[in-house]
Amino acid sequence: MKNQTSVDEFILLGLSDDSTAQVFLFLIFLSIYLITLVGNMLIMVVIRTDPQLHTPMYFFLSNLSFLDICYSSVTVPKMLESLLVTKKTISLSGCIAQIFFFIFMVGTEVFLLSAMAYDRYAAICNPLRYSTVISYRVCIQMVVGAWVSGFLDSLVNTLFLIDLQFCGPNYINHFSCELPLLLQMSCTSTFANEMVVFTFSMTLGFAALLLIVASYVCIIGTIFNISSSEGRQKAFSTCASHLTVVLLFCGTAIIRYMRPTSGYSDTLDKLVSIQYSIITPMLNPIIYSLKNKEVKTAVRKLFRI
C-alpha cells in the first residue's frame, strides 16, 4: 500500500475510442436527450393546463416526467461531453456524486412506480372508495415518500464510499460511474459496502416490487371478473401504459444488477445500462401519449389540432 499512488480521478472509456463513431454517437444521444426533455416537459405542461387531467393518476405521471428529466440528466450530459473531448476524465468526488444522484433517481422511480401501481389498484379494484383512498393529501404523501426513500437509499449506498481508497488502475470501462464498477476498483476491503448495498437495496427494492406485483395480481383478477368485454378493455387500458413502463424500467434494471457475474460482456452491460438509464426516460412520455386517449386529446387541444 505504501508504494501505491492514490487515485483522485478516473478515465471513462465510454462506448467507443473511434473518433468518427464518437461524433455519430454524440448526435444520436444528443437527439435522444432532447426528445426526453421535450417529451417529458410536454407531458407536464399538458397535465398542468388541462383541468380534466387533474386526477391522481396524472399527478403521479407529471411527477414521473419530472423525475425522468432529472434521471436522464445525471448521466447523459457527462456522456455527451466525453464523446467530444480528448481527456475523458471524472474526479473521484464527481464520480461519487454521479453515483449518489443516479441511485437517488433510480430508487425514487421504483418507489414512484409502486405508488402508481397502488393508485391503479385502488381505481380498478375499489372504484367506489377511490376518491377517499387516493385523496390529494395521500398523493402528496406518496410522492414525498418516494423521494425520501430514494434519497435514503442513495445516502446509505454512497456514504461508505468516502472511506474507500483507490490505487489504480483508474480506467472505468463504461460511459458513467456506477456503484458496482467503482467497488471493483477499490484497493481496500469493500465487504461492508457490498453488505450494505445488498441488504438495504434488496429490502427496499423488494418491498417496492412486491407492491407492484401484488397490485397487478389483484388488478388482473378484477379485470377477469368483469362480465363485459368493453368493461375489461377499458379497465386494462387505464393501466397498460404503466405496466409497459414498469416492465421496461424494472426488467432491464434487474438484468443489469441481478445477473450472474460471469458470462456477460462489458458491451452487453453498457447496452443494458443505455436501455434503462437513457432510452426508458425517452420512451415514457411516448408510451403514455400513444396508449392514453385522454393525454392525446389534451395534446391536440393544447396545439389546437
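Quick note: residue numbers are just sequence positions, from 1.
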Item to check | Interatomic distance, Ile172 atom CD1 to Thr89 atom OG1 [nearest 0.5 angstrom] | outcome: 11.0 Å
Checklist outcome for this item: d(Leu161 CG, Leu179 CG) to nearest 0.5 Å is 5.5 Å
Checklist entry - Same cluster for Tyr136 and Phe66 if Ile/Leu/Val/Met/Phe/Trp/Tyr side chains link at under 4.5 Å? => result yes
Next on the checklist: So Ser176 and Lys78, do their side chains get closer than 4.5 Å, heavy atoms only?
Outcome noted: no
Next on the checklist: Is the distance between the ring centroids of Phe104 and Trp147 under 6.0 Å?
Outcome noted: yes
Checklist entry - Can you name the nearest heavy-atom pair linking Leu181 to Met185, along with the distance? => result O-CG, 3.2 Å
Next on the checklist: I need the Met57 CE to Met116 CE distance, nearest 0.5 Å.
Outcome noted: 8.0 Å
Checklist entry - Do Leu182 and Leu164 touch side chain to side chain, with heavy atoms closer than 4.5 Å? => result no
Checklist outcome for this item: OG (Ser277) and CZ (Phe175) are apart, to the nearest 0.5 Å, by 4.0 Å
Item to check | SG-SG distance Cys95 to Cys177 under 2.5 Å | outcome: yes
Checklist entry - Closest heavy-atom contact between Met142 and Phe60? => result SD-CZ, 4.0 Å
Next on the checklist: Does anything in residues 24-57 form a disulfide (SG to SG under 2.5 Å)? List the pairs, not counting sequence neighbours.
Outcome noted: none
Checklist entry - Any idea which heavy atoms bring Gly107 and Asp153 closest together, and the distance? => result CA-OD2, 4.4 Å
Checklist entry - Which other residues belong to the hydrophobic cluster containing Ile220, where Ile, Leu, Val, Met, Phe, Trp and Tyr are joined when side-chain heavy atoms lie under 4.5 Å apart, directly or via other members? => result Phe224
Checklist entry - Could you go step by step and tell me if Val143 and Phe59 meet the side-chain contact (heavy atoms from CB on, under 4.5 Å) rule? => result CA-CA 9 Å; Val143 170; Phe59 174 76; 3.5 Å; yes
Checklist entry - Of the options Tyr58, Tyr216, Tyr121, Tyr288, which is the one that meets His242 in a ring pair (Phe, Tyr, Trp, His ring centres under 6.0 Å)? => result Tyr216
Item to check | Whether over 12 other heavy atoms sit under 6.0 Å from Phe101 CZ | outcome: no
Checklist outcome for this item: Heavy-atom nearest pair, Ser114 first then Leu211, reads O-CD2, 3.8 Å
Next on the checklist: Is any side-chain heavy atom of Asn126 closer than 4.5 Å to one of Tyr130?
Outcome noted: no
Next on the checklist: Within this structure, what is the SG-CG distance for the pair Cys139 and Asn63, rounded to the nearest 0.5 Å?
Outcome noted: 9.5 Å
Item to check | ILVMFWY network linking Ile124 to Val213, side-chain heavy atoms under 4.5 angstrom | outcome: no
Sequence neighbours excluded and cut-off under 3.5 Å, please list the side-chain donor-acceptor pairs for residues 9-32, or say none.
| unit_1 | atom_1 | unit_2 | atom_2 | d |
| --- | --- | --- | --- | --- |
| Ser16 | OG | Asp18 | N | 3.1 |
| Asp18 | OD2 | Thr20 | N | 3.2 |
| Asp18 | OD2 | Ala21 | N | 2.9 |
| Gln22 | NE2 | Ser16 | O | 2.8 |
| Ser31 | OG | Leu27 | O | 2.8 |

Item to check | Residue list, side-chain contact (heavy atoms from CB on, under 4.5 Å) with Ser93, at least two apart or on another chain | outcome: Ser91
Item to check | same_hphob_cluster(Leu247, Val110) at 4.5 Å side-chain heavy-atom cutoff | outcome: yes
Checklist entry - Is Thr280 reaching over with its side chain to a backbone N or O of Gln275, donor-acceptor style, under 3.5 angstrom? => result yes
Next on the checklist: Once rounded to the nearest 0.5 Å, what's the spacing between atom CD1 of Ile274 and atom CE of Met79?
Outcome noted: 5.0 Å
Checklist entry - Within the side chain of Ser186, is there an N or O that forms a donor-acceptor pair under 3.5 Å with the backbone of Phe166? => result no
Checklist entry - Does the Ser154 side chain pair with the main chain of Phe100, one donor and one acceptor, at a distance under 3.5 Å? => result yes
Hey, can you pull the donor-acceptor pairs under 3.5 Å for the side chains in residues 40-56, sequence neighbours left out?
| unit_1 | atom_1 | unit_2 | atom_2 | d |
| --- | --- | --- | --- | --- |
| Asn40 | ND2 | Thr36 | O | 2.8 |
| Asn40 | ND2 | Pro281 | O | 3.1 |
| Thr49 | OG1 | Val45 | O | 2.8 |
| Thr49 | OG1 | Val46 | O | 3.4 |
| Asp50 | OD1 | Gln52 | N | 2.9 |
| Asp50 | OD2 | Lys301 | NZ | 3.4 |
| His54 | NE2 | Ile47 | O | 3.1 |
| His54 | NE2 | Arg48 | O | 3.1 |
| His54 | NE2 | Asp50 | O | 3.4 |

Next on the checklist: Can you list, by chain and residue number, the hydrophobic cluster partners of Phe206 when the side-chain cut-off is 4.5 Å?
Outcome noted: Leu210
Next on the checklist: With clusters defined by side-chain heavy atoms of hydrophobic residues (ILVMFWY) lying less than 4.5 Å apart, directly or transitively, does Leu92 cluster with Tyr171?
Outcome noted: no
Checklist entry - Quick one: do Leu80 and Leu34 end up in the same hydrophobic cluster if we chain Ile, Leu, Val, Met, Phe, Trp and Tyr together by side-chain heavy atoms under 4.5 Å apart? => result yes
Next on the checklist: Quick check: do Asn157 and Ile99 have side-chain heavy atoms less than 4.5 Å from each other?
Outcome noted: no
